[in-house]
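Input: a single structure, listed below in structure tokens.
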Amino acid sequence: EIVLTQSPTTMAASPGEKVTITCRASSSVSYMHWYQQKPGASPKPWIYDTSKLASGVPNRFSGSGSGTSYSLTISSMETEDTATYYCQQWSSNSLTFGSGTKLEIK
Amino acid sequence: QVTLKESGPGMLQPSKTLSLTCSFSGFSLSTSGMVVSWIRQPSGKSLEWLAAIDWDGDKYYNPSLKSRLTVSKDTSNTQVFLKITSVDIADTATYYCARRRPNYGSYYFDYWGQGVMVTVSS
């Protein structure tokens, strides 16, 4: 099973600040996907295939990476971006999620 | 419009079998490329993929839980079921069903249900 480790676990950013969340895989994966989850709600697809934005996702979000290291970046933090973000991979008929990064506004 | 909705017992006792239902609309599980998964999330914790079933009836399980899980679908291909045997407190969680984006190279979930909370308690 591939373990996904996200960092940081929690962070706070000021409006307008650039934010980067990292997801490291224990073995190389072909793609990384990201979900946004707000309290009391289901996860929403946010970034898929490492760098493609899901429908409705603001273009201040971007994704990048390859192999064992992937990241989600917000170019300019906004209040509505407050949420927990999870990375996810599928490999060898097994699917795993990262531990999550809780992002708050300062 | 694709929607999924989970249902379950709400609460059950340790050692019992948990039965969950995912009812969906807007697609049929008989359509080539369709896959529905079960995922759970203990309160305040991360997501854990449990199992999946595809249009052909093939089943996939989380290796760490495989011995306790059974995923199935109904003949109308509008419901998916999950059974977890011998539950204990650690199985307390919100359980989601989600659809894999169909006929797409990589594997991610494009639609999720609202989730159903299950508490295991004596």
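Just so we're clear, the structure is a prediction, and the values are computed from it rather than from any experiment. Residue numbers begin at 1 in each chain, while the letters A, B, ... track the order of the sequences.
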query = With respect to chain A, which residue among B:Y60, B:Y61, B:Y104 yields the maximal number of heavy-atom pairs within a distance under 4.5 Å?
reply =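 Option with the greatest count: B:Y104.
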message = Only heavy atoms, only distances under 4.5 angstrom. Which residues in residues 49-78 of chain A are near chain B?
response =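 Under the 4.5 Å heavy-atom cut-off, A:D49, A:K52 qualify.
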request  = Sort by residue number and list every member of residues 79-92 of chain A having a non-hydrogen atom under 4.5 Å from chain B.
outcome  = A:Y86, A:Q88, A:W90
message = Which atoms of B:E48 are under 4.5 Å from chain A, going by heavy atoms: the side chain, the backbone, both sets, or neither?
response =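 The answer is the backbone of B:E48.
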inquiry  = Do B:T3 and B:S25 pair up side chain to side chain, a donor and an acceptor below 3.5 Å, judged on atom types alone?
reply    = yes
ask   = Is it true that the side chains of B:T21 and B:Q79 contain a donor and an acceptor less than 3.5 Å apart?
value = no
query = In terms of ring plane angle, is the pair B:F109 and B:W112 parallel, tilted or perpendicular, where the classes change at 30° and 60°?
reply = perpendicular
task = Verify, without hydrogens or angle tests, whether B:S122 (side chain) and B:Q13 (backbone) share a donor-acceptor contact under 3.5 angstrom.
result = no
task = To the nearest 0.5 Å, tell me how far B:L12 CG sits from B:S19 OG.
result =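 Answer for the CG-OG pair, B:L12 versus B:S19, is 9.0 Å.
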ask   = What residue in A:S99, A:S30, A:G100 has the most heavy-atom pairs under 4.5 Å with chain B?
value = A:S99
key: Check against side chain to side chain donor-acceptor pair (under 3.5 Å), A:S42 and B:Q114   = CA-CA 6 Å; A:S42 307; B:Q114 65 188 27; over 6 Å; no
For [X] and [Y], which heavy atoms make the closest approach, and how far apart are they?
{"X": "B:R100", "Y": "B:S106", "answer": "NH2-O, 3.4 Å"}
{"X": "B:V2", "Y": "B:Y111", "answer": "CG1-CG, 3.5 Å"}
{"X": "B:E6", "Y": "B:Y96", "answer": "OE2-CA, 3.3 Å"}

message = Other residues, nucleotides and ligands only: do more than 12 of their heavy atoms fall within 6.0 Å of CE on A:M11?
response = yes
message = Under 4.5 Å from any heavy atom of chain B, what part of A:Q37 do you find: side chain, backbone, both or neither?
response = side chain
message = Under 6.0 Å from the ring centre and within 45 degrees of the ring axis: does the NZ or CZ of B:R99 meet both conditions for the six-membered ring of B:F27?
response =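 Yes, B:R99 and B:F27 form such a contact.
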